[in-house]
Amino acid sequence: MALSLTFHTLLSVLLFHVSLVSTAKHSLHHHTTHSPNHNQHLQQAYRALKAWKKVIYSDPKNLTGDWVGPSVCSYTGIFCAPSPSDPNTLVVAGIDLNHGDIAGFLPEPIGLLSHLALIHLNSNRFCGILPRSLANLSLLYELDLSNNRLVGPFPDVVLSLPSLKYLDLRYNEFEGPLPPKLFSNPLDAIFVNNNRLTSLIPRDFSGTTASVVVFANNDFSGCLPPTISRFADTLEELLLINSSLSGCLPPEVGYLYKLRVLDMSYNSLIGPVPYSLAGLGHLELLNLEHNMFTGTLPLGVCVLPSLLNLTISDNYFYEEEGICTNLTSRGIAFDDRYNCLPNKPLQRSQKVCEAVLDHPVDCHDHECSAMAPTVAPSTAGPAISPGPAYA
Ligand SMILES: *[C@@H]1O[C@H](CO)[C@@H](O)[C@H](O)[C@H]1NC(C)=O
Ligand SMILES: *[C@@H]1O[C@H](CO)[C@@H](O)[C@H](O)[C@H]1NC(C)=O
Ligand SMILES: *[C@@H]1O[C@H](CO)[C@@H](O)[C@H](O)[C@H]1NC(C)=O
Ligand SMILES: *[C@@H]1O[C@H](CO)[C@@H](O)[C@H](O)[C@H]1NC(C)=O
Ligand SMILES: *[C@@H]1O[C@H](CO)[C@@H](O)[C@H](O)[C@H]1NC(C)=O
C-alpha cells in the first residue's frame, strides 16, 4: 500500500506539474541501472506503442511524431517511473495525451503496458471499443477516456481493474445498461455523463465507495430507487441532470448525509419534495429546476446550514414555508420563478396551476420498487399531493 502510494505520488508529480516533467524524466533516466534494451518491460512497452501508433490515423499536433525507436520513456505523453516491485527498473507508468485530438483505435497490445497507473486520453478522437487486454493493467488507478468516440455496451473490462479509483467515461457513446458491479467496485469517482446509457441505479447492488457520481445527460428512464441510500457513506455529489427520471423523489435521498451537491434538474419528477432532505447538513447546492414537483417547499430545506444555492424554478410548487419566501435576504442564491406561488412574480398562469391542482399525486402509487425497473406510468400527469407523503 505504502509502496503504491509513493508510486502514485511520484506519478502525480510527473503528470500534473508539467514544468517538472522534463527534469523528473531526466533524473529518472540517470538513475536507472539498466539500459532500455535490457529492460523487458520497456521492450514490451515498445511493442505496445508501436502497435498503437499503427492504428493512429490522424495526429494533428504531431504528438506521436517522436514515437520512434525503443526509448519509449522519451516519447511525448509517455511517462516512466521505477517499478513499484523493483525500484531499479523503469516501467511505463503513465500516458497523458489529453487534448491531443488524435484519431485512432485502442489496440489489443495496450495490455502489454501492464504497469500503467494513469491513462489520460481525454479530448481525442479514439473510436471503437476498449480492448479486453486492459484487464491486464492491475496497477491502473486513473482512467480518463472522456470526450472520445468510444462505443458499445458499458466496457465491463474496467470493472476488472483492481486498483482503479477514478473512472471517467463521459462524453462518449457507450450505450445500454450500467452494470450493477460498477457500484460494488472500490471506485472513488464515477463519471458516465453524456453517453447513451439507458439504465440508472441498478436494482441490486450492495453498496459503493464512490464520493462523486455523475450520470447526467444519458438516455436513462424510470425512477430513482430507494436503494440510492446505499451510497450514503461516501456520496458527496449526485448529478442526475436531464436523465429522463420520472416518479417521486424517494425519501431515501435524504439519507445521503454527505451530499454537497444534488442536481436533479431537467427531469420529470413529480410529487412533493421529501422532508427528509432537511437532513442533508452539508448540502450547498440543490437544483430541482424544470421538473413537475408540487406542494410546499419545506422549511427544513431552506434552513440547511450549508446551503448556498437553491433552485426550484419551473415546477408547480404552490407554497414556500416560512423563511423560504425570503432566502435571498440570507445571502442564498435562490430562484423560484415559474411555479404556482401566489405572491411571487413570474409565476405560471392560474389556469395551468389549477389544472395541476386538480390531479393530486400520491407517491405511494408511484413507489420506485427495488424490484421493478420503472414506476407505473403516471396517467394524471403533473399533479399535486393531498398532503406531505413523506413526513
Ligand atoms: C512530427 O514530429 C517528428 C518528431 O518530432 C518530426 O520529425 C516530424 O517532422 C514532425 N512532422 C510534422 C508534420 O511536423
Ligand atoms: C499482460 O502483461 C504481461 C506482462 O506483465 C504480458 O506478458 C502479457 O502478454 C500481457 N497480457 C496481455 C493480454 O496483454
Ligand atoms: C438532454 O439530453 C439530451 C440527450 O440525451 C440532449 O439532446 C438535450 O439537449 C439535453 N437537454 C438539456 C436541457 O441539456
Ligand atoms: C445557482 O445554481 C444554478 C443551477 O445550478 C446556477 O445556474 C446558478 O448560476 C447558481 N447561482 C450562483 C450565484 O451560483
Ligand atoms: C426579507 O428579509 C429582509 C431582511 O431580513 C427584510 O428586510 C425584507 O423585508 C424581507 N422581505 C420580505 C418580502 O419578507
Side-chain angles (χ1 to χ4, degrees), residues 22 39-53 56-69 71-72 74-78 80 83-86 89-93 95 97 100-102 105-117 119 129-140 157-158 160-163 193 214 216-217 237-243 259-267 283-291 293 301-302 304 306-315 327-339:
S22 55
N39 178 331
Q40 161 217 329
H41 300 299
L42 293 183
Q43 278 171 13
Q44 278 191 346
Y46 177 40
R47 272 169 54 207
L49 295 171
K50 205 153 59 170
W52 195 1
K53 191 173 168 170
I56 284 177
Y57 302 111
S58 166
D59 180 3
K61 300 181 181 173
N62 200 19
L63 295 179
T64 59
D66 62 2
W67 285 22
V68 179
S71 304
V72 294
S74 61
Y75 285 12
T76 299
I78 302 299
C80 294
S83 159
S85 54
D86 175 7
T89 303
L90 272 190
V91 294
V92 171
I95 291 181
L97 295 171
D101 199 22
I102 293 170
F105 292 97
L106 304 174
E108 211 54 42
I110 284 183
L112 292 170
L113 299 165
S114 55
H115 289 86
L116 278 176
I119 298 182
I129 60 170
L130 299 190
R132 293 298 315 168
S133 64
L134 275 191
N136 212 25
L137 311 188
S138 58
L139 303 174
L140 194 64
V157 63
V158 303
S160 58
L161 299 169
S163 307
N193 51 296
V214 184
N217 300 313
E237 297 187 24
L238 178 60
L239 284 81
L240 284 165
I241 306 156
N242 191 23
S243 300
L259 275 187
R260 286 184 295 101
V261 175
L262 179 59
D263 195 332
M264 297 277 171
S265 60
Y266 290 87
N267 287 294
L283 199 65
E284 295 169 15
L285 185 142
L286 176 59
N287 190 356
L288 303 176
E289 181 180 357
H290 195 98
N291 278 284
F293 285 112
V301 171
C302 299
L304 284 172
S306 306
L307 197 64
L308 298 172
N309 186 338
L310 175 57
T311 306
I312 61 161
S313 55
D314 208 353
N315 279 287
L327 277 181
T328 21
S329 72
R330 301 178 58 221
I332 291 170
F334 183 53
D335 187 349
D336 61 1
R337 291 172 295 167
Y338 315 116
N339 277 287

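Because the structure is predicted, anything quoted here is derived from the model rather than measured. Both ligands and their constituent atoms are indexed starting at 1 by order of listing.
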Note the single closest protein heavy atom to [atom], along with its residue, its atom name and the distance in Å.
atom	result
atom 8 (C) of ligand 1	N62 ND2, 3.7 Å
atom 5 (O) of ligand 1	D66 CB, 4.1 Å
atom 1 (C) of ligand 2	N136 ND2, 1.4 Å
atom 14 (O) of ligand 2	G111 C, 3.2 Å
atom 12 (C) of ligand 4	N309 ND2, 3.3 Å
atom 4 (C) of ligand 2	Q44 OE1, 3.3 Å
atom 13 (C) of ligand 2	S133 CB, 3.9 Å
atom 9 (O) of ligand 2	L112 CD2, 3.6 Å

**Asked** With a cut-off of 4.0 Å, which atoms of ligand 2 are near a heavy atom of S114?
**Response**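 In order of number, 2 (O), 4 (C), 5 (O).
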Within the side chain of [X], is there an N or O that forms a donor-acceptor pair under 3.5 Å with the backbone of [Y]?
X	Y	result
D101	P60	no
N339	N315	yes
S133	P109	no

**Prompt:** What class does the angle between the rings of H115 and H41 fall in, given that below 30° is parallel, 30 to 60° is tilted and above 60° is perpendicular?
**Reply:**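 Rings of H115 and H41: perpendicular, over 60°.
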**Request:** Just say parallel, tilted or perpendicular for the rings of F105 and Y57, cut-offs at 30° and 60°.
**Result:**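 F105 vs Y57 ring planes: perpendicular.
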**CG-CG distance between L134 and L116, expressed to the nearest 0.5 angstrom** =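 Atom-to-atom, L134:CG and L116:CG are 9.0 Å apart.
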**Item:** Separation between OH of Y46 and CG of N39, rounded to the nearest 0.5 Å
**Value:**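 Here the rounded value is 14.5 Å.
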**Request:** Provide the number and element of each atom of ligand 4 under 4.0 Å from a heavy atom of T311.
**Result:** 2 (O), 3 (C), 4 (C)
**Request:** Using a strict 4.0 Å cut-off to heavy atoms of N287, name the atoms of ligand 4 that fall inside it.
**Result:** 4 (C), 5 (O)
**Message:** I'd like to know if R260 pairs up with E237 as an ion pair, taking the criterion as any Lys NZ or Arg NE/NH1/NH2 lying under 4.0 Å from an Asp or Glu carboxylate oxygen.
**Reply:** yes
**Item:** Whether H115 lies under 4.0 Å from ligand 2, heavy atom
**Value:**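 Per 4.0 Å heavy-atom rule, H115 does not contact ligand 2.
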